[in-house]
Structures are given as structure tokens and as C-alpha cells.
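Scroll down for the structure; my scribbles are underneath it.
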Amino acid sequence: MPYSLAQEFILKFMITAFFFLMSAAQAKTFVYCSEGSPSAFNPQITTDGTSHNAAGLTIYNRLVEFKLGTTEIVPALAESWKISKDKKTYTFKLRKGVKFHTTKYFSPTREFNADDVLFSINRQLLKDHPYHMVGGGSYEYFTGMEMDKIIKAVAKVDDYSVKITLTEADAPFLANMAMSFMSVLSKEYADMLAKENRKDEIDQYPIGTGPFVFQKYQKDTLIRYERNENYFEGAPKIEKLVFSITPDASVRYQKLKTGECHLIIEPSPNDIEAMKASETISVMEAPGFNVGYLAMNVTKKPFQNIWVRKAINHALNKDAYIQAIYQGHAVKAVNPMPPTIWGYNKKIKGYDYNPELAKKYLKKAGLAKGFETEMWTLPVTRPYNPNGKKMGEMMQADLAAVGIKVKLVTFDWPTYLSKSKVGDHSMIQMGWTGDNGDPDNFLNVLLGCSGVQSGSNYSRWCNKEFNRNIKIAKSNPDIKKRTAYYLNAQEIFNKEVPWVPIAHSIVFRAMNSNVSGYVMDPLGGDIFKTVDIK
Amino acid sequence: MLRYFFKKFFHVIPTLVGISILSFAVIRFIPGDPVLIMLGERGANPEVYAEMKSKLMLDRPMHEQYWYFLKNAVKGDFGQSIVSKRTVIEEFSDRFPATLELGIVALFFAVIIGIPMGIFAALKRNSFFDYALMTSSLIGYSMPIFWWGLVLILIFSVKLGWTPVSGRISINYDIEMWSGLMLIDTLKNEITSEYGFAPFWSAFKHLLLPSIAMGTIPLAVIARMTRSSMLEVLGEDYIRTAKAKGLPWRRIVGLHALRNAMVPIITVIGLLFGSIITGAILTETIFSWPGIGKWIVASITARDYPVIQGGILFIAGMIIFINMAVDMIYALINPRMR
């Protein structure tokens with residue numbers, strides 16, 4: 001008997017249902033709802049956090065890395081390292097037996113060795129390197145962290161040791177080595193691509209040594225990874241990892257509710273309370289690696305007077321800003337760097353809100369009647385300052401209460417940056433997000449004398465004692481000694497107060513309550529090598 | 001006819017040049033230097049900054065930059081994305097099928113619901129049904145898409161659990177793209193033999209909400225247009241004649257009225273293609289749909305000049321050619337137009 005249409009339909013339906021259930025039960029798949037599309041799968045040429053998560057932290061490793069959940073430097077592809085007496089030569093001993101990923105487009109024939117390290121650094125360092133111009137030839141992070149000036153040469157001692165010579169002693173160098181852009185790429189793969197005249201593919205089809213192997217990128221939709229069974233720290237617990245690209249924060253939340261995501265990046269601040277109340281969702285938070293501050297230009301009157309700066313520090317009600325502008329999702333800043341960084345000075349209490357004291361200090365400065373000045377308000381939304389204009393208005397009111405009349409000014413972002421870099425401002429709202437977890441990245445960049453020249457020191461404050469401390473700390477790789485100098489430097493900052501440190505915003509991650517093993521990265525990345533689903 | 005075609009065609013060229021100048025200039029007049037945006041708060045080393053500027057040719061005078069762009073564009077080279085460093089054409093053609101698929105389904109949704117709605121409202125003119133329909137179409141027309149999209153998600157995905165929240169297909173299926181249209185690619189033999197029709201069904205479910213969100217405004221326009229066009233035709237002499245001849249009402253409406261009423265409706269549908277693309281910009285962002293709308297938004301934020309210039313030119317070109325095609329169809333139907 002020939003079978004009827006209905007029968008055929010039922011049969012097909014059953015097969016479909018069967019495969020549907022099969023595929024759902026197949027592999028342990030972890031879905032991470034990310035906020036955007038990576039610009040490339042090579043951390044050397046990207047600067048955005050999205051690409052950092054999608055490539056640097058998943059596919060690649062570096063010689064040294066940040067210990068999970070901290071900013072401490074620990075061995076990774078290098079087992080150990082030696083620093084010469086003059087602190088200018090670093091010799092890295094490489095780990096043996098590390099395998100590069102095997103994918104549809106590449107199968108390695110050898111293990112990771114010194115050639116790969118040389119290739120990865122020299123591509124960025126040497127202008128005549130065959131791969132230097134591939135992908136445009138600009139390595140923004142490498143030059144941004146001044147690695148092109150710090151590194152003199154990279155040499156192979158033998159297959160498993162590499163010697164890097166610096167132009168001068170530079171302690172943050174090691175922290176820079178742990179950053180995404182110092183990831184190690186496969187030279188064997190690069191050679192194969194060069195031979196086949198497909199050099200460009202190196203930045204789109206990645207081969208690394210990291211915990212996850214790149215499978216496929218569907219433009220603007222998702223990125224698929226499989227776990228690296230040969231990962232040198234042991235294979236991750238989840239078998240498959242999917243980045244589901246979802247730019248809208250409220251949509252990410254809905255996807256978390258329906259179980260389409262296991263973990264979402266940057267939930268909207270408005271949803272946090274509802275998420276915390278839900279039984280199926282758990283929320284994690286950590287102080288962001290940032291600082292929002294108000295810089296006072298000490299080269300302009302009356303901010304050269306320390307009592308004026310102290311008065312302003314006492315006049316501003318930071319708690320109110322945190323409630324109104326950060327919606328409570330921030331911690332009050334005392335020092336010019338976040339409390340999660342090593343070398344943070346916990347003893348310093350900072351300046352409390354005290355308008356009476358502020359008035360007294362103004363009197364001391366000979367400005368009992370107050371004065372008139374300008375404040376530039378941040379024209380962009382940043383985690384360290386979600387609403388510059390509103391914050392400016394609140395500050396304006398607080399300062400008016402002690403007799404300081406403030407005119408609020410703002411420009412578009414590029415103008416704001418270029419005008420403030422040359423010191424056109426009196427008071428300015430600014431902020432910073434750390435790159436490498438080193439105090440130098442805050443104290444030196446934002447407050448060092450050299451920053452006055454390059455424009456990253458917005459208070460244009462150049463204090464000899466402060467600068468001496470951070471300079472010694474910069475040239476000494478011993479963390480204990482460095483800590484002492486940084487503690488000192490923060491004391492000086494607190495006495496001199498070229499800024500009003502305002503807040504460190506809190507960063508959130510929301511996940512399904514069956515997710516375990518996720519650790520928040522103080523540097524803001526998302527790391528999945530330890531994650532599991534119950 | 002051929003002369004008419006060429007005349008139309010040569011009118012298109014100045015329009016395209018005009019659009020290219022506009023998109024080129026506008027993106028440069030809005031504040032925001034792509035290099036500074038890349039560098040952010042970082043103190044930029046002036047040498048590096050200058051080098052990056054000159055690499056992107058942004059240190060040249062604007063007319064020179066434009067001439068360079070035009071010269072290459074004529075050769076079919078629209079430059080490289082500053083962000084991804086891939087060519088604009090590659091990036092565009094990777095994303096276009098997704099928008100096309102969504103657009104077709106959304107327009108289909110708008111047509112199959114909008115036209116019957118309009119006809120019905122015209123036939124039952126001034127009835128309760130007519131008022132309800134026209135009021136709801138007015139609401140549909142003025143609804144902000146991003147809000148409407150979220151409402152749809154909240155009702156159908158979160159509350160009822162009928163459809164997925166966003167994306168193009170369940171992550172369980174790894175579909176090798178061939179045509180770029182998910183509904184077609186999931187029906188290929190190797191997919192159906194492996195998974196059956198589940199991937200197709202999944203792709204279809206993923207399409208539902210975004211196409212409703214995107215199709216709502218065109219639906220409202222089509223419904224209102226159909227209604228007024230039908231009313232106009234129904235008042236014509238030849239309809240009265242047909243009635244007087246004793247033709248059955250269904251035949252009068254279906255054959256004589258509708259056919260004549262369709263001409264302006266088709267024009268509107270053609271024109272709506274443009275609004276579909278504008279709708280795509282919002283819809284795609286909400287539903288994480290990997291099409292050109294989302295791409296353009298991301299590029300504007302990053303001030304990715306080549307992508308914006310190229311992308312806008314492609315979209316404008318498309319709309320112009322569709323309008324031209326509509327004109328041509330007209331000219332074929334109605335010789336008075338030529």
C-alpha cells in the first residue's frame with residue numbers, strides 16, 4: 001500500500017523531533033551573549049574589548065598571563081623568566097609540549113617554540129618584517145604601550161628560550177607582555193599562508209594555543225569554538241563555546257530569561273535589581289578597572305594653590321553623584337587608581353564631604369569670597385562617568401554652596417580631547433580604564449611629568465617627589481619594592497590633590513544559576529576556560 | 001521604450017553622484033575623528049597619530065579625498081573598512097542576504113495582511129470595522145520600532161515562549177551558507193538529510209518577530225493606501241456600469257475594482273522598499289539580525305568612513321534602481337507614461 005501524505009508527514013515529523021532532541025543533548029554547549037562583532041581574530045591588530053574576548057582570551061596565550069581573577073603576573077607559555085642585573089634583559093624559558101590548534105584550515109607538524117615568539121613580536125616591531133604590513137601595518141596597542149620604544153631586540157637563544165633586550169629598565173614591561181596584543185601566533189601557519197599567498201587570512205582564521213579552538217564566525221551572528229583537548233592547563237569542562245552576538249542590553253536580558261544565553265555581558269543597570277530577585281539568574285559584580293575624576297589644571301589660577309584644590313575636594317558630594325549618576329553602581333574613589341590593583345594604598349581615607357571645611361580652606365587661600373571658573377563636562381558616556389553633563393550640574397550646585405561660581409562648558413569628544421591635551425581647560429571631567437593591571441598604567445600615565453607633554457596628565461601637575469617615586473618603581477621589577485614606592489606616591493597625591501577622584505564604576509555579569517566556575521576578570525575580560533554548566 | 005529606458009538610466013547617474021557627495025560630506029562634517037575614537041582617552045603619540053591619519057588619507061583636503069574615492073568607486077573599489085580591514089564590497093555582500101531575506105518576508109507579511117485589510121475596510125466603509133482597522137493602522141504607523149520589537153519579544157518569547165528572542169537560527173544548527181537566505185539554505189539536501197526540517201522550522205521561527213516588527217509600518221501604509229484606492233475606484237462610472245450590467249458583486253470587486261486599484265498600491269510597495277531598509281537599521285539591532293542595518297549603525301559609531309560611504313551608496317543605488325524598475329513596469333502597462 002503506498003503511503004499517504006499524512007503518514008509521510010508524521011514520519012518526517014518524528015524524524016525531525018528525534019534529531020532535534022538528539023542535537024540538544026549532544027554536547028555541553030555554553031552560550032555567551034556578547035555585545036558586538038569582533039573586528040578581527042588577531043589581538044595584535046585590535047584594540048576593542050570585544051575582539052579581546054573573542055580571540056585574545058579564548059584562542060591565544062601569551063608568555064606570561066594574569067592569574068585568573070587578579071592582576072598578578074604568572075607563567076603561561078613561558079615556564080619561568082630571568083631578569084639580568086641591569087634589568088634590561090629578560091630571558092624567558094618556554095614551556096615544552098604545547099600544541100597549536102588543529103583545524104580544518106591548518107594542522108601543525110611541530111609544537112610551540114621560540115620561532116613562534118619571535119614571529120609574533122617581530123611582526124609588530126620590525127617595519128621590514130614580511131608580515132608587518134599585512135592587515136594595514138598599524139599595531140595600535142603595541143605602539144600605544146610604547147613597546148616599539150621599550151623593546152630593543154628579540155633573540156632566540158635555543159628552541160625553548162627567548163631573550164628580549166630593552167632599551168632601558170622598565171618594570172611594567174612584564175605586565176605589557178601579559179596583554180592581549182602580545183599573544184603568540186603560529187609561525188608555521190604564517191609560513192604556510194605566505195607560501196600560498198594568503199597572508200591576510202592570518203587575522204581572520206586564527207591558530208593559537210589557547211583553551212578554545214576557533215571553528216567558525218558567522219558575521220554579526222555567532223562565533224563557534226570547540227574546546228582544546230590538548231590545552232596545556234587541561235581541557236576546559238565545556239565542550240563547545242558559542243558567542244551569540246546581541247548588541248541590545250535588554251534583549252540580552254530576555255535571552256538570559258528564556259535560556260538562550262548562559263551568561264551575558266554588561267546587563268543594563270536598570271535590570272540589575274530584577275535580576276538579583278530572580279531565582280534562575282545570578283548576578284556577579286566587581287569594581288571596574290577604571291577611575292572617573294575631576295582634574296584641576298594646576299598651571300591655571302587659582303588651582304596652583306593647594307588650599308583651593310583641597311577646598312574643592314571637600315566641597316563635592318561624591319555619594320550623591322554615585323546615587324544619581326551611577327545609580328549606586330560605583331564605589332567612591334579615594335586614590336587615583338581602583339582598589340583591585342596591587343599597590344593600592346588602603347590607609348588613605350581621602351576627603352569627605354564637608355562644605356564648612358571647604359569654605360575655611362578657601363579663606364586660607366585668600367579667596368573667602370569665592371571665585372569664578374569653568375568646568376568641562378565629559379561629552380561621551382563612559383563606564384567611569386555615565387553622564388558628564390548631569391554630574392557637572394550637580395558639581396556646579398555643590399561648588400556654588402561654598403562660593404565658587406562654575407560655568408559648564410563642553411565640546412564634541414575629539415575637540416574635547418585635542419583642546420584638553422594642550423591644557424586649555426581649568427577643571428575637566430576625565431577618566432581612565434586600565435590596560436595592563438600595573439599601577440604605572442595609572443600613576444605614571446595620568447600623573448607623571450611626562451604625561452604633561454603627551455597630554456594624558458590633564459591636571460598638568462608635575463611633582464618632583466611623586467615623579468621620583470613612580471620613576472624608581474618603573475625601573476625596578478621587584479613587586480614588593482615597587483609597592484612601597486607606589487604607596488608613597490599615593491600619599492603625595494592625597495596631600496597635593498591635583499584631582500578630585502570621584503568613582504570606580506562597578507561592572508556586572510549576569511548568568512543562569514546553573515553556571516559554575518566563572519571568575520570575573522578585574523581587567524574586564526570574559527574568560528571561559530574554568531566555566532561549567534551544572 | 002528603449003529610449004525611455006536610457007533617458008531614465010542617465011538620470012540615475014547624477015543622482016548617484018549627488019548621494020555619494022552627500023554621504024561623503026555628511027560623515028566628515030559630524031564631529032568625530034576615527035583615529036581619535038580608536039585611541040580614546042589615551043594620550044596619542046603625535047607621530048603615530050599623523051601616520052595613522054595619512055594611512056587613511058584623512059590628512060588630505062576633502063575634495064582630494066572625494067576624487068580618490070570616486071575614481072576607485074568607478075573601478076568598483078570602495079576601499080577597506082577601517083575597523084575590519086576587509087573590503088567594503090566583501091563586507092556588504094556578506095550581510096546583504098540577511099537583510100534581503102528579512103525584507104522580503106516583512107514585505108510579504110505586510111502585503112498579505114495589508115491588502116485584504118484595506119479592501120475589507122473599503123467595502124465596509126464607515127463601519128465599526130473600518131474605523132477599528134484604520135485606527136490600528138495609524139497606531140502601527142506611528143509605533144517606534146525598537147519599542148514594538150521589545151514588546152513583541154516580551155509577549156511572544158518571554159511570556160508565551162513561542163518564538164526565540166533573537167538571532168537567525170538555533171545555535172544547534174551549523175548551516176553552511178550557500179544562497180545566504182536561511183529559509184533556502186536549510187532546505188538543502190545535506191541539511192534535511194542530517195536534521196530533517198527542524199532547521200527550516202527554527203529559521204522560520206526566528207524570522208517571525210523581526211519581520212512583524214519591520215513589516216508593521218509598511219502594513220499600515222499598504223492597508224490605508226488600498227482602502228483609499230479601492231474607494232476611489234469603486235466610485236468610478238465603470239463600476240456603476242458593471243453593477244448595472246448585473247455582474248455579481250464579487251466579480252466586480254475582484255476583477256474590475258481591485259485590478260485598477262492595484263496600480264498605486266504597487267507603486268507604494270516599490271517605494272516601501274526604501275522604508276524597509278530604514279526599518280532594518282532598528283530592527284536588526286534589536287533582533288541581533290546580521291544584516292546591513294546593524295552593520296551601518298556599528299560603522300557610524302566607529303566613524304568607519306569607507307563603510308558608511310560605500311554602504312549608503314549601495315543602499316541608495318538599490319532604492320533608485322527599484323524605483324526605476326517600478327517606473328519601467330508602469331511604462332509597460334501604461335503607454336501614456338512614456
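To find a chain, count down the sequence lines: A is the first, B the second, and so on, and within it residues start at 1. Just the heavy atoms: all of them, side chains too, but no hydrogens, waters or symmetry mates, feed the values below.
- Contacts of B:I153 with chain A are made by side-chain atoms alone, with heavy-atom separations under 4.5 Å and no backbone atom involved.
- Residue A:D248 comes nearest to B:T285 through the heavy atom pair CB-O, 4.1 Å, listed as atom of the first residue, atom of the second, then distance.
- Within the 4.5 angstrom heavy-atom criterion, atoms from both the backbone and the side chain of A:I245 approach chain B.
- Summarising the geometry, atom CD1 belonging to B:I169 is positioned 8.5 Å from atom CD belonging to A:Q218; distances are rounded to the nearest 0.5 Å.
- Here the closest non-hydrogen pair linking A:K219 and B:D94 is NZ-OD2, 3.7 Å.
- B:E90 CD: more than 12 foreign heavy atoms inside a 6.0 Å radius.
- Looking at every heavy atom in both residues, B:S166 comes nearest to A:T246 through OG-CG2, 4.1 Å.
- If you take CE on B:M182 and OG1 on A:T221, they are separated by 7.0 Å, rounding to the nearest 0.5 Å.
- By the 6.0 Å contact criterion, CZ on B:F204 is open, its count of non-hydrogen atoms from other residues, nucleotides or ligands being 12 or less.
- Enclosure of atom CZ in B:F69 by more than 12 non-hydrogen atoms of other residues, nucleotides or ligands within 6.0 angstrom is indicated.
- Contact tally against chain B (heavy-atom pairs below 4.5 Å) for A:A40, A:S39, A:S51: the top residue is A:S39.
- Rounded to the nearest 0.5 angstrom, B:L150 CG and A:S250 OG are separated by 4.5 Å.
- With a threshold of 4.5 angstrom between heavy atoms, A:V242 approaches chain B through side-chain atoms but not through N, CA, C or O.
- Between the side chain of A:E260 and the main chain of B:V165, a donor-acceptor pair closer than 3.5 Å is present.
- With a 4.5 angstrom heavy-atom cutoff, A:Q204 touches chain B only via side-chain atoms.
- Of the residues B:K294, B:R95, B:R168, the one that meets the salt bridge (Lys or Arg N to Asp or Glu O under 4.0 Å) test with A:D220 is B:R95.
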